[in-house]
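Structure, as structure tokens:
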Amino acid sequence: MAAPEDPHRRRVGLLYDERMCRHATPDGEIHPENPDRIRAIWQKLESEGIPLRCVVLSAKEAEDKYIASVHTARHIKLIKNISSKKFNSQRLRIASEFNSIYFNKGSSEASYLAAGSVMEVSEKVAKGDLDSAIAIVRPPGHHAESDEAMGFCLFNNVAIAANFLLNERPELGIRKILIVDWDVHHGNGTQNMFYNDPRVLFFSVHRFDFGMFYPASGDGSYCMIGEGPGAGYNINVPWEQGQCGDADYVAVWDHVLLPVAESYDPDIILISAGFDAAVDDPLGGCCITPYGYSLMLKKLMGFAQGKIVMALEGGYNLKSIADSVLACAKVLLEEKPLVGSIKAQPLESTWRVIQEVRHELKTFWPALSVELPQKVLVSNWRPCSVELNLSSSSESIVENDGGASVTICATNFVEIIEPLSKLNIDEDNHGKAITLDHIATDKSPVVLSEECPNAQALMPDKNVDGCTRWRSVLSKTEVWYGSYGSNMWKPGFLCYIKGGKVEGMNEPCPGSQDKSSPKGVIWKTVPHQLFFARSLTRTWGKGGVAFLHPESNKNDKAYMCMYRITLEQFNDVLLQENSLHQENGKSQGAGAPLLDLSDIGVVAENKSLPLEALKAGWYSNILYLGEEDNLPILTMTKFCRYNEKTESKSIQLDSSLCIMAMYHCTLGLMLHREQKNAS
Ligand code: X5A
Ligand code: ZN
């Protein structure tokens with residue numbers, strides 16, 4: 001006999017409808033976003049007896065007038081008609097005009113059902129007929145823009161439901177909606193639809209990889225905070241890399257999302273619940289466990305009186321998504337307390353991202369302006385290790401970095417090697433420092449300072465007054481120092497300003513004489529190629545040494561972090577980068593600056609300025625990379641010539657260095673630190 005109905009039992013809505021499986025690739029091609037996704041979830045829930053404990057609902061098609069609150073008439077017309085006979089011959093071509101979209105005869109119906117289903121459960125939760133709900137829908141929605149299908153998404157299901165509650169059901173008292181988008185991809189569509197609207201707080205945590213991860217635009221950056229009345233009501237947490245897992249997400253919940261939710265005090269929470277950040281997902285490269293998802297969900301149940309709607313977005317590993325949704329269903333049912341534990345610590349980059357986001361939004365959300373305790377920041381992170389695989393197949397870069405590895409195809413590879421093999425190091429002292437011998441064996445490592453006879457000459461340290469004078473003049477001019485390679489990593493770069501050493505450095509840097517912090521930090525791409533040589537440096541020990549190709553090329557792209565510092569500090573960085581500081585106890589940069597005020601005009605005009613005095617250094621060539629806030633962007637690289645003909649003495653690059661360069665460009669990781677860890 002069935003137990004009497006427990007009056008305290010949570011009423012959890014569960015919506016699934018087989019008709020949403022009819023949206024599929026037209027000729028049965030394999031695709032990650034396929035009908036088995038929702039089938040696998042439903043089967044799993046059934047096998048665990050979940051539907052028996054929930055209120056099971058079936059799907060309803062959304063009405064056009066509600067869809068029209070976020071989509072254009074043109075877009076609605078397209079999705080409505082795309083499955084009809086008269087489009088049979090055009091479907092393929094039309095789909096190909098969109099980014100990552102397919103259509104078939106079932107697409108129209110499935111998209112109307114997905115949108116209508118999320119509306120349906122949202123209304124029931126808003127009313128209080130249900131405590132919470134899970135809508136197991138497809139196609140997903142969060143990439144869909146008002147006039148454009150993209151990223152496997154046709155209608156923006158969650159946005160349609162949010163607008164429906166706000167505009168069509170005012171009597172339900174839903175005035176403020178928190179949308180939490182934990183799909184591994186940025187919810188660009190949803191962001192855009194509510195960018196000016198303070199009634200919807202859109203929060204998305206996603207892989208960004210410095211703009212390289214799908215949908216690969218700047219929209220997912222933490223700078224996108226909303227506009228007009230919506231300013232402060234759009235929050236992006238952009239991961240710098242894959243490998244993020246439970247610890248990283250929970251850190252973001254504790255230090256960004258929950259403090260904001262607390263003061264926003266939403267009336268309902270809609271979760272754009274993609275499960276492609278789950279462990280083993282083929283696209284995401286992250287590693288949230290089912291326990292991690294349950295914790296993230298549990299922590300949200302303290303808001304909006306527990307009114308939570310989960311709408312499926314992405315998630316492409318059938319087992320992972322089924323296990324994750326099951327864990328979430330159990331949380332909503334609140335039958336048993338959570339059991340589990342978080343295995344790892346957050347990544348180092350997670351704290352950097354959290355601090356960036358908090359800094360960006362603290363004027364809107366005072367709870368974010370409290371400084372995070374240093375103890376949390378320094379003790380609570382793990383370094384990550386990177387593994388590189390070279391594939392000779394014709395696949396392109398695999399989107400998934402598998403948590404730690406990247407596969408790069410052989411054709412890309414040639415494209416990288418070819419131009420670099422024509423880049424000639426001048427036949428001076430240490431072109432040999434990056435020839436194949438050293439790269440391949442590391443047998444006779446070259447310690448730069450030993451090869452740098454000018455170092456002594458440069459350090460007369462007689463004229464203390466003269467020194468003080470140029471320093472005081474140059475301290476009044478600011479420039480952007482464009483950092484790449486390991487210097488992009490702020491704690492690493494700060495060693496050149498503040499002094500000291502970070503993990504991976506062989507010996508401490510003296511720092512700049514003026515130790516004040518950079519006045520600004522911005523990320524930017526420049527049309528230059530980044531390349532690597534491997535050797536041994538005094539400062540960094542064994543590992544890859546990054547250089548920027550001195551000539552720009554519009555097809556190249558290198559990620560750089562710009563630090564706003566004084567020209568005096570730039571000179572001190574220049575000295576340290578060329579290992580010319582504090583030789584034999586002498587103080588640095590005495591008589592005259594290496595780069596004076598008048599040189600800035602010269603370098604701006606010629607784009608580059610090789611410094612004779614530093615000829616023997618690794619970074620003797622000053623590059624001008626444009627302007628930001630009317631200040632020049634300067635960096636330093638190796639002095640090399642571009643020569644189509646000469647074969648000898650050109651930079652010898654082996655495959656691992658090319659992959660390092662490409663990997664770095666892609667992910668902005670601190671490669672030589674990893675290398676050191678590995679060796
Ligand atoms: C909903 C979702 C991913 C699109 C990836 C396209 N879309 N390469 O996860
Ligand atoms: Zn996704």
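All ligand and atom numbering here is 1-based and tracks the order in the structure.
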For Met119 against Ala62, the heavy-atom pair lying closest together: SD-CB, 3.8 Å

Plane angle bin for Trp182 and Trp253 - parallel if under 30°, tilted between 30 and 60°, otherwise perpendicular: tilted

Lys299 NZ: over 12 foreign heavy atoms closer than 6.0 Å: yes

Of the listed options Ser100, Ala277, Gly274, closest to atom 6 (C) of ligand 1 (non-hydrogen atoms): Ser100

Basic-acidic side-chain contact under 4.0 Å: Lys65, Glu168: no

Within reach of ligand 1, part of Asp183 (heavy-atom separation under 4.0 Å): side chain

Residues Glu18 and Arg39 bridged, charged N to O under 4.0 Å: yes

Region of His143 that comes within reach of ligand 1 [heavy atoms, distance under 4.0 Å]: side chain

SB check Asp323 Lys44 (cutoff 4.0 Å): yes

Metal check, the Zn ion (ligand 2) vs His185 N/O/S, cut-off below 2.8 Å: yes

Sub-4.0 Å atoms of ligand 1 with respect to non-hydrogen atoms of His142: 1 (C)

Non-hydrogen atom of Met150 closer than 4.0 Å to ligand 1: no

Proximal candidate to atom 7 (N) of ligand 1 [heavy atom criterion; set Gly151, Pro215, Ser272]: Gly151

Side-chain ion pair, Asp17 and Lys60, N-O less than 4.0 Å: no

Degrees at the Zn ion (ligand 2) between the OD2 atom of Asp183 and the OD2 atom of Asp276, nearest 10°: 80°

Identity of the nearest option to atom 5 (C) of ligand 1, non-hydrogen atoms only, from Phe275, Tyr316, Tyr214: Tyr214

Atoms of ligand 1, numbered as shown, that sit under 4.0 Å from any heavy atom of Asp276: 9 (O)

Presence of salt bridge, Arg74 and Asp147, under 4.0 angstrom: yes

Atoms in ligand 1 flagged as close to Pro140, the criterion being non-hydrogen separation under 4.0 Å: 1 (C)

